Amino acid sequence: MRQPLRQLPRLALLPLLLAGCGALPPAATGPARPLAAPAGSSATLALLETTDLHANVLSYDYYKLQAEPSIGLERTAALIAQARAQFPNNLLLDNGDTIQGTALADYQALVKPLACDQTLAIYKAMNLLKVDGGGIGNHEFNYGLAFLSQVTGNRFDVDSVDAGKPRCAGPAFPQVLANVYSVRTGKPLFAPYHIIDKQITATGPDGKAIAATVKVGIISFAPPTIMAWDKRWLEGRVYTQGVRETAEKFIPEMRAKGAELVVAISHGGLDDSPYSPTMENGNYYLAQVPGVDAMLIGHSHQLFPNAASTVPQFNLPGVDKARGLVNGVPTVMANLWGKHLGVIGFSLRHDGTRWVIDKSATTVEARGIQNADKSYVTPDPAIATLVAEEHAATIAYVQTPVGATDFRMSTYFADVGDVSAIEVVNQAQSSYLAAYVKANLPQYAHLPVLSMSSPFKSGSAGVSDYTDVKAGNVALNNAADLYLYPNALYGVKMNGAELQAWLEQSARRFNTIDVNKTEPQELVNTAHPSYNFDTLTSADVRYQIDVTQPPGRRIQALSYKGKPVDASEEFLIATNNYRASGGGNFPGLDGSKTVVASPDNNRELLIAYVTQEKNLTRAKNGAARSWTFAKAATKGPVVFHSAPNVIDLARAAGIDNVTQLKLDDGAGKGFALYQLDLSK
C-alpha cells in the first residue's frame, strides 16, 4: 500500500471583508424601525465591492517572504475610507473567494486549525472594516464543508458535518448563498438572501436633510461548477441550481418582504453561450432577470468597468465596458487580492412608496490601490496589528526546509518552453500515481504513467506574479510557490486521441500567428489563463506546437519513446481534481476518465517528493522539455511580456530564441517586452 503523507509537514495551498453589521443595532435592542421618506426625497447610496481577496489580508507575499505593496486588504481599506468619505451612505459587500489562497489561509485551515471560538484572520480584518454583507465563492469550499460551517458560524445540515457541535465564531456580518442546497434537507446551505435596513441621510423635497431607511436585499450565487471542482467534498452532500432560475425564485420573495433595491452578489463572470443551469459564468443571464438592480461579480480576476479591456466577456452584446452596465444593470468586478474596490453610486428618488433608482445618474467604477505616480495607497495599520500573531506564525511555518536545488525554478519564460518550475511538479505527481497504481490497481500497472501540470503564475496579477524559487534551500513556502492551489491528486486514463485533444486545448494559450504580417503580433492569448496551459515534461514524450495554425490543429508529431502516439494507445495521466472533473473545459475530462481520486494534496506530495529527493538538479529535475514551437519564418516580430532583465533565466533553461526588446513595454505595469524568433 502507498505510504500516507499525514506525517509530513502540512501546508495546504496557495494559487480569493468584513463589514456590515455597522448598520444593524445590537440584537438586544431589536430591529431598527424603518424611517419613511416623503415623496420627492432624494439620496445617493454607494455599494462598495471587494472580491476574490483570497485571504490576502496584508500586503505580503508568503511565498517570496517579502512585502508586496500591490495587494492586500490592508490597502483596500484606504480606498474604503475614501469612498465612505465621498459617499456617507454606503454598504460594503464582499463577493467571495475570501478564505483561501495564501499560506496564511492554509495555516489556519490545515496546519493549526482554528478553534471553534476563533475567527479567521481575513474575517477579523473584515469585521474591523465593518463589512455589511458577503457572498460565497467557489474557493470557500476547498477545505470541506465542516471547515466552512465552522468558520462562517453556520450549522450545515449535511453529511460530513456534526450537527451536534456548537455554533462557532464566524464573521460579524450576514453571509448569503442562494443556489447551493443540502441534499439531506433540500434547503439552501446558507440563508439565500438578507434584507438590510440601511439608515441613510437623504434630502427631503424641501431641500433639508432628513433621516430615512433604504431596504437593500442582497442575494448571492456560487458557480454551479463547484460540484466538479470540489467533488470530493460535495458529492452526495449538496447540489446546485442555476443562477437564473434561483434568482427568479427568490427575488420576488425579497420584493414581497420589502426589498427596495436588490443586489446580486454573484461569484462568476459573463458568458453569452446558451444558458445552462450548470454554467460557470451565468451573470449575462442573471442581469436579464427582472428585479436585479445591481450586480457585484468576480471569479474571473478581471477589472470591470474598463473601457480598454480586450477580455471577450466584456465585449459581448449588451455589455457596456466603459459605463459598467450588463444588459442595462450596473455591474462591477473589482479584480482580485484587494487590488481594487468596486464602487456603484446609486442616485435614488422616493416615489412616495419606495426608493427607485435614477439609472441615468448612477455611476460605476473600480478604484485601484496604485496611485497615478505608481506608488500605492498607505495601508491601514490597525489591520496588521490585528493579525500580527497569525502573520508571524505563518512566516515561521513556511520557512521549514524540505530540500535544496542547484537551479532557479521560475515561470518567467514558461510560455516559451522553460520547464524549470514545472518538471518537479510533474515528477512528484507521476511518481505518486505510479506507486499508487502498483500497490492498489494492478490492472493498470502495464500502462505508461505521464503527468500534466501548468505554470500557475505567469504575470496575470502583475509583474511580481511569477513563480520564482532561487537556488539554495527549498522550504515549504517554495513548494507553495511551485504549486498554488489546494487540489488533490487525480489520475485519469486517456487514449492517444484524447491526449492529443488535451494538448490542443492547452495550446489555446497562444494566439494564431500570421507569418505574413509585418507588425508585431502578441504570442500569448491572455483569455486562456496560464493555469490551463498544461504541459508534459517527460523525456519519453515529444510534440510541437504550431502557432501559425488555428486552435485545434496545432499539436504536431506527438510521439512516445520515439514512436508516433497511436489514437488508441492508452496512458495514465496524473493531474488534479479540478482538471480531471471538468475544470477548464478540456475535451474528455468530465470525471468519467478518473481512475484514481486520491485524498492527498498535490502540494503535500510535492513536499514529500522534494523531501525524498533532497537535492534537486537542473539535469534531473528541470530540463525535460517535451514540447517546442514548430519553426516558422515570420515577416514581423512575435512578442510577449514578462518581468524585465531576466533573460539570463531563459538562456539557463536552454531557450536561445528569445530577446528582450524593451525594458518597459509601455503599458505602465512594469513588464518588459520580449521577442520570440520562431525560425530558430
Side-chain angles (χ1 to χ4, degrees), residues 6 8-14 16-21 50 53-58 60 62 72-74 94 96-129 131 134-158 160-175 177 189-190 230 232-234 237 338 382-400 476-477 480 485-486 599 601 603-604:
R6 295 189 180 11
L8 295 169
R10 294 189 64 92
L11 176 65
L13 284 179
L14 218 319
L16 289 83
L17 291 179
L18 301 175
C21 296
T50 55
L53 289 172
H54 285 286
N56 283 283
V57 184
L58 303 179
Y60 192 82
Y62 291 101
L73 181 58
E74 65 173 341
D94 180 59
D97 273 12
T98 305
I99 70 172
Q100 176 279 331
T102 65
L104 169 62
D106 293 338
Y107 181 79
Q108 293 198 295
L110 299 168
V111 179
K112 190 178 179 182
L114 262 64
C116 184
D117 62 348
Q118 294 178 308
T119 301
L120 282 176
I122 185 68
Y123 284 158
K124 287 169 66 175
M126 295 170 77
N127 287 340
L128 183 69
L129 293 173
V131 170
I136 301 295
N138 53 291
H139 282 289
E140 261 68 51
F141 295 94
N142 286 166
Y143 299 125
L145 290 171
F147 181 78
L148 183 59
S149 175
Q150 174 189 328
V151 300
T152 60
N154 282 273
R155 289 195 181 98
F156 295 162
D157 191 356
V158 297
S160 79
V161 176
D162 185 352
K165 286 188 175 181
R167 185 183 298 274
C168 294
F173 53 89
Q175 292 175 294
L177 180 61
L189 198 62
F190 288 80
D230 275 309
R232 57 185 172 141
W233 300 123
L234 305 181
R237 299 176 175 94
I383 293 180
T385 301
L386 187 68
V387 301
E389 184 178 344
E390 299 96 316
H391 178 60
T394 302
I395 290 174
Y397 168 67
V398 300
Q399 293 182 90
T400 304
L476 292 177
N477 64 294
Y485 299 104
N601 181 285
R603 187 185 299 163
E604 289 181 345

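Each residue takes its place number in the sequence, starting with 1. Keep in mind that this is a model prediction, so the values were computed, not measured.
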Within this structure, what is the [atom1]-[atom2] distance for the pair [X] and [Y], rounded to the nearest 0.5 Å?
{"X": "Phe141", "Y": "Leu177", "atom1": "CZ", "atom2": "CG", "value": "5.5 Å"}
{"X": "Thr119", "Y": "Leu114", "atom1": "OG1", "atom2": "CG", "value": "7.5 Å"}
{"X": "Ile395", "Y": "Tyr60", "atom1": "CD1", "atom2": "OH", "value": "3.5 Å"}
{"X": "Ser160", "Y": "Phe147", "atom1": "OG", "atom2": "CZ", "value": "14.0 Å"}
{"X": "Leu386", "Y": "Leu58", "atom1": "CG", "atom2": "CG", "value": "9.5 Å"}
{"X": "Leu148", "Y": "Asn142", "atom1": "CG", "atom2": "CG", "value": "10.0 Å"}

Knowing that exactly one of Lys124, Lys112, Gln118 qualifies, which makes a side chain to side chain donor-acceptor pair (under 3.5 Å) with Glu390?
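Of the listed residues Lys124, Lys112, Gln118, the side chain to side chain donor-acceptor pair (under 3.5 Å) partner of Glu390 is Lys124.
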If every non-hydrogen atom of [X] is compared with every non-hydrogen atom of [Y], which pair is closest and at what distance?
{"X": "Glu140", "Y": "Thr98", "value": "OE2-N, 2.6 Å"}
{"X": "Val151", "Y": "Pro171", "value": "O-CD, 3.6 Å"}
{"X": "Ala393", "Y": "Tyr107", "value": "CB-OH, 3.5 Å"}
{"X": "Ala105", "Y": "Ile99", "value": "CB-O, 3.2 Å"}
{"X": "Asn138", "Y": "Asp230", "value": "O-OD2, 3.9 Å"}
{"X": "Ala125", "Y": "Leu73", "value": "CB-CD2, 3.9 Å"}

Full working for side-chain contact (heavy atoms from CB on, under 4.5 Å) between Tyr62 and Asn477
CA-CA 7 Å; Tyr62 291 101; Asn477 64 294; 5.8 Å; no
Among Gln100, Gln108, Gln150, find the one that has a side-chain contact (heavy atoms from CB on, under 4.5 Å) with Tyr143.
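Among Gln100, Gln108, Gln150, the one meeting side-chain contact (heavy atoms from CB on, under 4.5 Å) with Tyr143 is Gln100.
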Examine distances only and state if a side-chain atom of Asn154 and a backbone atom of Phe156 form a donor-acceptor pair shorter than 3.5 Å.
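A pair under 3.5 Å: no.
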Check step by step if side-chain contact (heavy atoms from CB on, under 4.5 Å) holds for Val57 and Thr102.
CA-CA 9 Å; Val57 184; Thr102 65; over 6 Å; no
Which label fits Tyr485 and His139: parallel for a plane angle under 30°, tilted from 30 to 60°, or perpendicular past 60°?
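Ring orientation of Tyr485 relative to His139: parallel.
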For a side-chain contact (heavy atoms from CB on, under 4.5 Å) check, start with the C-alpha distance between Leu189 and Leu145, then their side-chain angles and the critical distance, and finish with the verdict.
CA-CA 10 Å; Leu189 198 62; Leu145 290 171; 4.0 Å; yes
